[in-house]
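Heads up, the thing below is written out as structure tokens.
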Amino acid sequence: LWMATFNGMISYHLRSGKFHPYLADSTKAGSLPYNKISRVFVDAEGVYWIFMYKRGIAWYNPVLNTFQRTGEKVNGRFIDYDTYCQAEDKDGNVWIGCSNEILKYERVKNKFSVVLATGSQVSCLMCDKQGNIWAGTGAGLWRIEPETLKRKFFSTADGISGDIIRGLGQDKQGRIWIATGNGLTLYNPKQATFRIFRTQDGLESDDLKYGFYQAPDDRFFLCGKNYVTWFYPDSLSFNKTIPPVAITGFKVFNRPAPVV
């Protein structure tokens, strides 16, 4: 078990019950480059990604017990990206959400590059079953085709409940669930339709800022300040028949009046 803290990184061995701290040491080669760690991510190849707070990225080699600074370079120097999220695509490439852009690490080329300048913080990333990359930002949602880098932008003008995207998930039917600062949105890619859920539909809060998680059993968890709501997407049923509207009576000053 790996833990990221603002005072180094900690590993916990479940069998022995022992903790081991990792701290930055400028006098020791291969040590942790920086103590403020925001996240630890292990990709499909077993590579440990260490995301440092406003100091970019490092890789950890558990065999050699060494750290190596990595990321995009300009004039031979690493850029101190402030990273917020990551996702791995079907080809093993790692996509990284930063303050104002999306980075892509191409494993075959061992190369980092900026894929998209978003203009706002990238809060969440997801690779769907079709291989597309979805990126939630503070100003809307992006869908990117990894091979062509063709992209499409979604906002409230298209039908999303809010432009501040908090979390992303995809259910077994291939539908995209989008947690925002103003409700939960269900997007059906096949029909290109949106459906919005808010407090009147059963949500505890419209602002889903405290956490959005999809469990391995396809259950979604919405975390609030004092609550946790969960549901199975397949268990939701929608009334597709719009009831007819009929006027059965008319009153003036609360007295029945003829309908002309």
Side-chain angles (χ1 to χ4, degrees), residues 2 4-6 9 24 32-61 66-155 163-170 176 178-180 212 214:
W2 294 85
T5 78
F6 266 29
M9 193 171 70
L32 184 68
Y34 189 59
N35 277 333
K36 291 185 177 181
I37 311 299
S38 56
R39 291 180 329 286
V40 179
F41 165 67
V42 183
D43 66 22
E45 296 292 326
V47 176
Y48 288 73
W49 293 70
I50 315 302
F51 296 96
M52 299 174 289
Y53 179 69
K54 296 184 178 181
R55 290 293 180 91
I57 310 162
W59 287 332
Y60 172 65
N61 187 324
T66 56
F67 293 86
Q68 175 189 350
R69 180 76 190 275
T70 187
E72 189 189 16
K73 284 185 176 182
V74 172
N75 297 326
R77 296 186 61 182
F78 289 108
I79 298 177
D80 290 334
Y81 281 110
D82 193 6
T83 63
Y84 293 92
C85 52
Q86 74 286 321
E88 186 173 4
D89 65 26
K90 57 184 179 62
D91 295 322
N93 302 313
V94 177
W95 299 67
I96 304 162
C98 305
S99 300
N100 295 291
E101 56 270 303
I102 299 173
L103 293 179
K104 179 184 178 183
Y105 170 70
E106 296 180 79
R107 192 179 299 277
V108 175
K109 298 180 180 179
N110 189 28
K111 177 184 177 183
F112 287 84
S113 60
V114 175
V115 172
L116 176 65
T118 60
S120 63
Q121 177 182 316
V122 182
S123 55
C124 50
L125 285 167
M126 180 190 72
C127 180
D128 67 19
K129 296 178 177 62
Q130 291 70 40
N132 298 309
I133 298 296
W134 294 78
T137 75
L141 178 67
W142 291 91
R143 183 182 65 196
I144 306 171
E145 296 179 8
E147 295 182 0
T148 63
L149 294 183
K150 182 180 178 180
R151 63 202 66 167
K152 182 174 177 58
F153 181 71
F154 301 90
S155 69
D163 285 335
I164 300 177
I165 312 300
R166 305 293 195 189
L168 295 165
Q170 184 179 32
I176 307 299
I178 309 159
T180 79
F212 182 73
Q214 184 178 5

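At a threshold of 4.5 Å between non-hydrogen side-chain atoms, the residues Ile165 and Thr180 count as touching. Contact annotation: the side chain of Leu125 never approaches that of Trp134 to less than 4.5 Å [non-hydrogen atoms, C-beta and beyond]. The shortest side-chain heavy-atom distance between Tyr84 and Cys124 does not fall under the 4.5 Å cut-off. Looking only at side-chain heavy atoms (C-beta outward), Asn61 and Gln68 stay at 4.5 Å or farther from each other. Using a 4.5 Å heavy-atom threshold, the side chains of Ile57 and Tyr81 count as separate. Within the 4.5 Å cutoff, side-chain heavy atoms of Met52 are placed close to those of Arg69.
The two residues Lys90 and Glu147 make their nearest non-hydrogen contact at NZ-OE2, 3.9 Å. The minimum heavy-atom distance linking Ile37 with Val40 is given by the pair CG2-CG2, 4.4 Å. Smallest separation of non-hydrogen atoms from Val114 and Glu101: CG1-CB, 3.9 Å. The two residues Gln170 and Gln214 have their closest heavy-atom pair at O-NE2, 2.7 Å. The nearest pair of heavy atoms linking Cys85 to Val122 is SG-O, 3.5 Å. When all heavy atoms of Pro146 and Ile133 are compared, the pair lying nearest together is CG-CG1, 4.1 Å.
Checked against the 6.0 Å centroid threshold, Trp59 and Trp49 count as a close aromatic pair.
Note that the CG atom of Leu168 and the SG atom of Cys127 stand 12.0 Å from one another [nearest 0.5 Å]. Within the model, atoms CG of Leu103 and OG of Ser113 stand 7.5 Å from one another, a figure rounded to the nearest 0.5 Å. Here Ser38 contributes atom OG and Asp82 contributes atom CG; the two are 7.0 Å apart, rounded to the nearest 0.5 Å. Within the model, atoms CZ of Phe112 and CD of Glu106 stand 10.5 Å from one another, a figure rounded to the nearest 0.5 Å. The CE atom of Met126 sits 13.0 Å away from atom CG of Asp89, with the distance rounded to the nearest 0.5 Å. From Ile102, atom CD1 reaches atom CZ of Arg151 across 8.5 Å, with rounding to the nearest 0.5 Å.
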* Yes or no on side chain to side chain contact (heavy atoms under 4.5 Å, CB included) for Trp95 and Ile144, after CA distance, side-chain angles and deciding distance? -> CA-CA 11 Å; Trp95 299 67; Ile144 306 171; 4.2 Å; yes
* Asked: Between Phe212 and Arg166, is a side chain to side chain contact (heavy atoms under 4.5 Å, CB included) present by the stated rule, with each step listed?
  -> CA-CA 7 Å; Phe212 182 73; Arg166 305 293 195 189; 5.6 Å; no
* Asked: Can Val47 and Val94 be said to form a side chain to side chain contact (heavy atoms under 4.5 Å, CB included), step by step?
  -> CA-CA 11 Å; Val47 176; Val94 177; over 6 Å; no
* Go through the steps to decide whether Phe154 and Ile178 satisfy the test side chain to side chain contact (heavy atoms under 4.5 Å, CB included), and finish with yes or no. => CA-CA 11 Å; Phe154 301 90; Ile178 309 159; over 6 Å; no
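In this structure, Lys129 places its NZ atom where more than 12 heavy-atom neighbours from other residues, nucleotides or ligands lie under 6.0 Å away.
Of the listed residues (Tyr34, Phe67, Trp2), just one forms a side chain to side chain contact (heavy atoms under 4.5 Å, CB included) with Ile50, and that residue is Phe67.
Between Phe41 and Phe51, the ring-plane angle classifies as tilted under the 30° and 60° cut-offs.
With hydrogens and angles disregarded, no donor-acceptor distance shorter than 3.5 Å links the side chain of Asp91 to the backbone of Asn93. With hydrogens and angles ignored, the 3.5 Å screen pairs a side-chain donor or acceptor of Thr118 with a backbone N or O of Asn100. Between the side chain of Asn35 and the backbone N or O of Ala24 there is at least one donor-acceptor pair closer than 3.5 Å.
The closest side-chain donor-acceptor pair between Asn110 and Tyr105 falls under 3.5 angstrom.
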